[in-house]
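What follows is a single structure, written as structure tokens, with notes after it.
These numbers were taken from a predicted model, which means no experiment stands behind them.
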Amino acid sequence: MVHNAVPALEDLCLVCLESLVSSFSLHTAKQIIKLVPDMVEESGGLKESAPGTERPETDYTFDRQDLLQHTVDQFGGWVMSHIVCYLEDRVFNAVLVGLDRATRIHK
């Protein structure tokens with residue numbers, strides 16, 4: 001009889017959380033760039049360009065930073081409200097791995 005190792009449900013959930021954080025951060029970054037216009041320099045000063053026409057590597061404006069901070073706060077609150085206190089370290093590491101994966105995909 002052959003015994004195969006089966007990963008624990010906790011480990012599977014953490015891997016899913018890594019994927020969720022990676023997908024969520026990539027999607028959020030794209031949506032914020034589309035929703036908040038970029039400031040374009042013209043001869044007369046700064047002008048807003050139409051939302052969604054910017055380059056993916058465009059700079060963040062203060063409006064983008066505020067929207068991103070609000071989104072991160074909401075997502076972080078949602079995640080923290082769904083975990084037990086003794087798993088906070090493992091969840092924190094899973095979130096970091098997910099963000100690292102998103103950064104590598106974006107590059």
*asked:* Using side-chain heavy atoms (C-beta onward) and a distance below 4.5 Å, is F75 in contact with V21?
replied: yes
*Mind checking side chain to side chain donor-acceptor pair (under 3.5 Å) for D89 and listing every partner two or more places apart, or none if nothing turns up?*
none
_Pairwise distance CG(N93) to CD(E88) - rounded to 0.5 angstrom_ = 12.0 Å
*Sorted by first residue and then second, give each salt bridge (charged side-chain N to carboxylate O under 4.0 Å, His left out) pair with at least one member in residues 91-100; sequence neighbours left out.*
D100-R104
*When rounded to the nearest 0.5 angstrom, what is the spacing between CD1 in I32 and NE2 in H27?*
10.0 Å
*Using links of under 4.5 Å between side-chain heavy atoms of ILVMFWY residues, direct or through other members, which residues join I105 in one cluster?*
L26
*Rest of the hydrophobic cluster containing V15 (Ile/Leu/Val/Met/Phe/Trp/Tyr, side-chain heavy atoms under 4.5 Å)?*
none
_If hydrophobic clusters are built by linking Ile, Leu, Val, Met, Phe, Trp and Tyr wherever their side-chain heavy atoms come under 4.5 Å apart, do V91 and F24 end up in the same one?_
yes
*asked:* With salt bridge (charged side-chain N to carboxylate O under 4.0 Å, His left out) as the rule and sequence neighbours excluded, what pairs involving residues 21-32 come up?
replied: none
*side-chain contact (heavy atoms from CB on, under 4.5 Å) involving S25 - partner list, sequence neighbours excluded*: L99, A102
*Could you pull out all residues at least two apart from S19 that satisfy side-chain contact (heavy atoms from CB on, under 4.5 Å)?*
R101
_Whichever hydrophobic residues join L96 through chains of side-chain contacts under 4.5 Å_ = F92
*How close do L14 and A94 get, heavy atom to heavy atom, and via which atoms?*
O-CB, 3.8 Å
Donor-acceptor pairs under 3.5 angstrom involving side-chain atoms of residues 79-87: please list them, not counting sequence neighbours.
{"unit_1": "S81", "atom_1": "OG", "unit_2": "G77", "atom_2": "O", "d": "3.3"}
{"unit_1": "S81", "atom_1": "OG", "unit_2": "W78", "atom_2": "O", "d": "2.8"}
{"unit_1": "H82", "atom_1": "ND1", "unit_2": "W78", "atom_2": "O", "d": "2.6"}

*Could you list the residues that satisfy side chain to side chain donor-acceptor pair (under 3.5 Å) with D11, not counting sequence neighbours?*
R90
